[in-house]
Amino acid sequence: MAQLRLTDFFGRTKAATGAPVKRGGGRRLKAALTGPPDTSPSPPATACPPTPPSPDLAAEPPASTTCHGQDGGTQPSTAPPGTTRRLEREDLAGLRCRLERVKALAQLAQLPPVPAGATTDLRNRLEQARQLELRIREKKAGSRATPGAQPSGDTESTAPVAEAGEKSPAYQRFHTLAQDLPPGLTLPYKFKVLAEMFRSVDTIAGMLFNRAETITFAKVKQGVQDMMRKQFEERHMGQIKAVYPTSYKLRQEKNIPTFGNGMKKSDYQLTLEPVLGEEEKVDGRPHLSASRLLERRKEFHRNLVNIVKQHHKAFLAALRPPMVVPEEKLTRWHPRFNVDEVPDISPAELPQPPQEDRLTTAQEVLSTARGMLTPKMEKALANLALRTAEAGAGEPVVSKAPSPASTSSALKGVSQALLERIRAKEAQKLQALMTRDPRQEERLAMLGRLPAMARILRNVFVAEKKQALTMEVACARMAESYNTQMSPGEMEKHLRLFAELLPDWVGIHAIRTDTYIKLDKGKDLGLITERLTKAAKEAEAL
């Protein structure tokens with residue numbers, strides 16, 4: 001009995017609260033939404049704001065409000081009547097909002113189209129706005145690039161035209177742009193190379209000067225080229241003198257020991273002497289210390305910067321409107337100032353060896369060496385001068401250039417035909433020298449180097465113990481062994497000239513993507529050298 005009463009209690013409770021709602025509530029709510037709206041007059045809805053959920057609905061379980069039947073009547077539900085009326089008002093408000101939206105879209109669709117004139121006017125105004133925005137951005141970028149300076153009004157101001165000349169490579173023309181450094185008073189590429197040359201010259205000159213050696217240009221040139229792997233000529237020394245005039249004293253001196261460098265002791269040589277103060281002495285003689293070398297290097301760099309500042313000042317003066325910036329306040333160049341377009345430094349004049357007249361007659365030797373010879377030698381020279389004067393007194397005065405037909409006493413007995421052939425060959429050489437093409441001159445220089453290179457080339461193949469080598473390896477080994485600095489490209493030209501003149505000794509073969517050079521190591525090197533020398537003489541005679 002207790003079990004039946006408990007079941008009856010739970011059934012009644014569930015039927016009174018939620019069971020009818022779950023079964024028929026959804027259908028009744030759908031019928032209420034799709035049924036005919038209420039015909040009672042109501043004020044028109046002007047706006048449809050979102051309706052927040054009612055606290056009563058959140059607290060109560062979902063239940064249907066009213067079920068509209070086919071006969072138009074209503075069937076009450078188990079939900080309270082207040083909740084039913086509130087749901088009907090919310091659904092009607094949503095429907096009216098949707099209706100208002102549809103009416104607004106229909107009105108927009110019925111608006112007349114925009115006339116063509118108005119479209120063109122709008123486009124013109126839009127283009128003017130874009131142009132104005134572009135100009136504002138350019139002015140902002142200019143003021144950001146040159147802080148503290150007034151931006152130039154004309155963005156198309158012309159820069160000074162660089163000196164006309166040969167176009168330099170791209171890595172020199174855009175050297176400043178490729179630097180991973182903050183913008184500042186950077187130097188052109190050629191100025192940086194010159195500064196490095198000055199540092200090398202100072203290093204070598206300092207070592208020689210501290211050892212009390214005579215500093216000749218030949219020694220400095222070889223040392224700088226070994227340090228920098230670049231050519232160092234007298235022109236560069238003139239540029240150093242122009243940038244830093246008080247760095248060295250340059251003189252032409254002779255009777256300097258050469259130690260087999262190809263020059264005679266009696267020849268004049270360009271010598272260098274560092275200019276030092278009185279206080280820079282060690283043990284009573286001047287000494288070029290490391291601190292002094294650093295000061296000289298900084299002074300040279302400052303002079304280079306000052307030269308660039310002068311060109312920068314001229315550039316600023318050429319702007320429209322011109323700009324004036326104090327040099328002591330200048331921390332970076334103008335953004336449109338191309339640093340790498342600065343013209344090269346004009347070299348200063350270097351001392352030249354004096355022009356000495358050679359003594360050609362006995363009378364000149366006697367007048368020059370009078371007092372330095374013994375009386376017997378002076379008497380012999382005087383007699384020789386007297387006989388020469390008597391012999392020339394009866395002959396007419398002629399031009400100093402000897403006539404081809406005239407023969408001196410030393411050539412007596414020599415065949416006249418042989419003399420004519422010798423003179424004709426000499427005239428031919430002079431004519432070829434005056435009319436020689438530059439490419440032919442380069443070929444002659446290459447032919448002159450081949451006999452020395454032949455021995456090096458054979459030694460390279462003997463050391464490698466191979467019958468053939470790639471062109472890159474052969475050029476690298478030859479460049480390392482040759483006594484003159486030469487690039488691999490120039491060395492390749494010499495190797496191809498070997499193959500052209502001696503195809504039976506050197507062969508060049510292109511296999512797929514590589515080029516190989518083959519050498520016959522069984523050939524006699526003496527015969528090879530003789531053939532190369534003969535080819536050089538024949539080319540020079542042409």
Problem - Shortest non-hydrogen separation from Pro188 to Asp340 and the atoms involved - result: CA-OD1, 3.6 Å
Exercise for the section: Look only at the side chain of Arg296 and the backbone of Asp202, and say whether a donor-acceptor pair between them is shorter than 3.5 Å. Expected result: no
Practice task
Decide if the gap between the ring center of His509 and the ring center of Tyr516 is smaller than 6.0 angstrom.
Solution key: no
Practice task
Inspect the surroundings of CZ in Arg297 and state if more than 12 heavy atoms from other residues, nucleotides or ligands are less than 6.0 Å away.
Solution key: no
Practice task
Please check if atom NZ in Lys518 has more than 12 non-hydrogen atoms from other residues, nucleotides or ligands closer than 6.0 Å.
Solution key: no
Practice task
Compare all side-chain heavy atoms of Lys313 with those of Glu327 and state whether any distance is below 4.5 angstrom.
Solution key: yes
Practice task
Check whether any side-chain heavy atom of Cys475 sits under 4.5 Å from a side-chain heavy atom of Leu495, and report yes or no.
Solution key: yes
Problem - Asn306-Gln310 side chain donor-acceptor pair, cut-off 3.5 Å - result: no
Problem - Donor-acceptor contact below 3.5 Å, side chain His311 vs main chain Val308 - result: no
Exercise for the section: For His312 and His334, indicate whether the former's side chain and the latter's backbone hold a donor-acceptor pair under 3.5 Å. Expected result: yes
Problem - Electrostatic pair Lys298-Glu295, nearest N-O below 4.0 angstrom - result: no
Handout entry: Rounded distance (nearest 0.5 Å) linking atom CG of Leu194 with atom OH of Tyr244
Key = 14.0 Å
Problem - Separation between CE of Met227 and CD of Gln222, rounded to the nearest 0.5 Å - result: 12.5 Å
Handout entry: Flag, side chain of Gln239 to backbone of Ile345, donor-acceptor distance under 3.5 Å
Key = yes
Handout entry: Close side-chain approach of Leu469 and Phe461, heavy atoms under 4.5 Å
Key = yes
Problem - Heavy-atom neighbours of Lys190 NZ exceed 12 at 6.0 Å - result: yes
Practice task
Would you sort out whether Arg531 and Asp504 count as a salt bridge (Lys or Arg N to Asp or Glu O under 4.0 Å), showing the intermediate values?
Solution key: CA-CA 12 Å; Arg531 291 170 61 183; Asp504 57 336; 3.3 Å; yes
Practice task
Carefully, step by step, assess Leu276 and Arg292 under the rule side chain to side chain contact (heavy atoms under 4.5 Å, CB included).
Solution key: CA-CA 9 Å; Leu276 303 176; Arg292 181 57 182 162; 4.1 Å; yes
Completion exercise
Heavy-atom closest pair (Ala454 atom, Trp505 atom, distance to 0.1 Å) is O-CH2, 3.7 Å
Problem - Minimum heavy-atom distance Trp333-Val305, with the two atoms named - result: CH2-O, 4.3 Å
Practice task
Would you indicate whether His494, at its atom NE2, is surrounded by more than 12 heavy atoms from other residues, nucleotides or ligands within a distance under 6.0 Å?
Solution key: yes
Problem - Met471 side chain reached by Glu492 side chain, heavy atoms, under 4.5 Å - result: yes
Handout entry: Heavy-atom neighbours of Glu349 CD exceed 12 at 6.0 Å
Key = no
Handout entry: Residue pair Glu213 / Met207, side-chain heavy-atom distance below 4.5 Å
Key = no
Practice task
Look at atom CD of Glu530 and say whether more than 12 heavy atoms of other residues, nucleotides or ligands are closer to it than 6.0 Å.
Solution key: no
Handout entry: CA sep, side-chain torsions, deciding dist, call: Val460, Leu519, side chain to side chain contact (heavy atoms under 4.5 Å, CB included)
Key = CA-CA 10 Å; Val460 167; Leu519 181 72; over 6 Å; no
Handout entry: Approximate separation, where rounding is to 0.5 Å, of Met491 CE and Thr484 OG1
Key = 9.0 Å
Completion exercise
Heavy-atom closest pair (Met228 atom, Val193 atom, distance to 0.1 Å) is CE-O, 4.0 Å
Problem - Within-4.5 Å side-chain heavy-atom neighbours: Phe232 and Val220 - result: yes
Exercise for the section: Apply side chain to side chain contact (heavy atoms under 4.5 Å, CB included) to the pair Phe217 and Gln269, showing each step before the final yes or no. Expected result: CA-CA 7 Å; Phe217 178 77; Gln269 297 189 58; over 6 Å; no
Problem - Closest approach of Tyr268 to Gln252 (non-hydrogen atoms, all atoms of both residues) - result: CB-OE1, 3.7 Å
Problem - From Met486 atom CE to Arg449 atom CZ, the distance as rounded to the nearest 0.5 Å - result: 4.5 Å
Problem - Shortest non-hydrogen contact between Asn210 and His287, atoms and distance - result: OD1-ND1, 3.3 Å
Exercise for the section: Look at atom CZ of Arg455 and say whether more than 12 heavy atoms of other residues, nucleotides or ligands are closer to it than 6.0 Å. Expected result: no
Exercise for the section: Report, as yes or no, whether the 6.0 Å neighbourhood of atom CD on Glu464 holds more than 12 heavy atoms from other residues, nucleotides or ligands. Expected result: yes
Problem - Member of Tyr248, Phe191, Phe198 meeting the ring pair (Phe, Tyr, Trp, His ring centres under 6.0 Å) criterion with Phe300 - result: Phe198
Problem - Side-chain donor/acceptor of Ser481 to backbone N/O of Met478, under 3.5 Å - result: no
Handout entry: Residues Arg251, Glu253: salt bridge by 4.0 Å N-O rule
Key = yes
Exercise for the section: Drop me the distance from Arg458's CZ to Lys521's NZ, to the nearest 0.5 angstrom. Expected result: 8.5 Å
Practice task
Using a strict 4.0 Å threshold on nitrogen-to-oxygen distance, state whether Lys192 and Glu196 make a salt bridge.
Solution key: no
Handout entry: Heavy-atom check, side chain of Ile528 versus side chain of Leu502, under 4.5 Å
Key = yes
Problem - Lys241, Lys249, Met237 screened by side chain to side chain contact (heavy atoms under 4.5 Å, CB included) with Leu272, the one that passes - result: Met237
Problem - Given Leu457, Leu532, Thr533, Thr529, the one that forms side chain to side chain contact (heavy atoms under 4.5 Å, CB included) with Leu450 - result: Leu532
Practice task
Please answer whether the main-chain N or O of Ile215 pairs with a side-chain N or O of Thr271 as donor and acceptor at a distance below 3.5 Å.
Solution key: no
Problem - Spatial distance of atom CD1 (Ile456) from atom OH (Tyr482) [nearest 0.5 Å] - result: 7.0 Å
Exercise for the section: Indicate yes or no: at least one non-hydrogen side-chain atom of Leu185 is less than 4.5 angstrom from one of Leu330. Expected result: yes
Exercise for the section: Apply side chain to side chain contact (heavy atoms under 4.5 Å, CB included) to the pair Arg443 and Leu497, showing each step before the final yes or no. Expected result: CA-CA 9 Å; Arg443 181 180 174 86; Leu497 188 57; 3.5 Å; yes
Handout entry: Trace of the salt bridge (Lys or Arg N to Asp or Glu O under 4.0 Å) decision for Arg302 with Glu299
Key = CA-CA 5 Å; Arg302 281 195 295 269; Glu299 180 67 20; 2.5 Å; yes
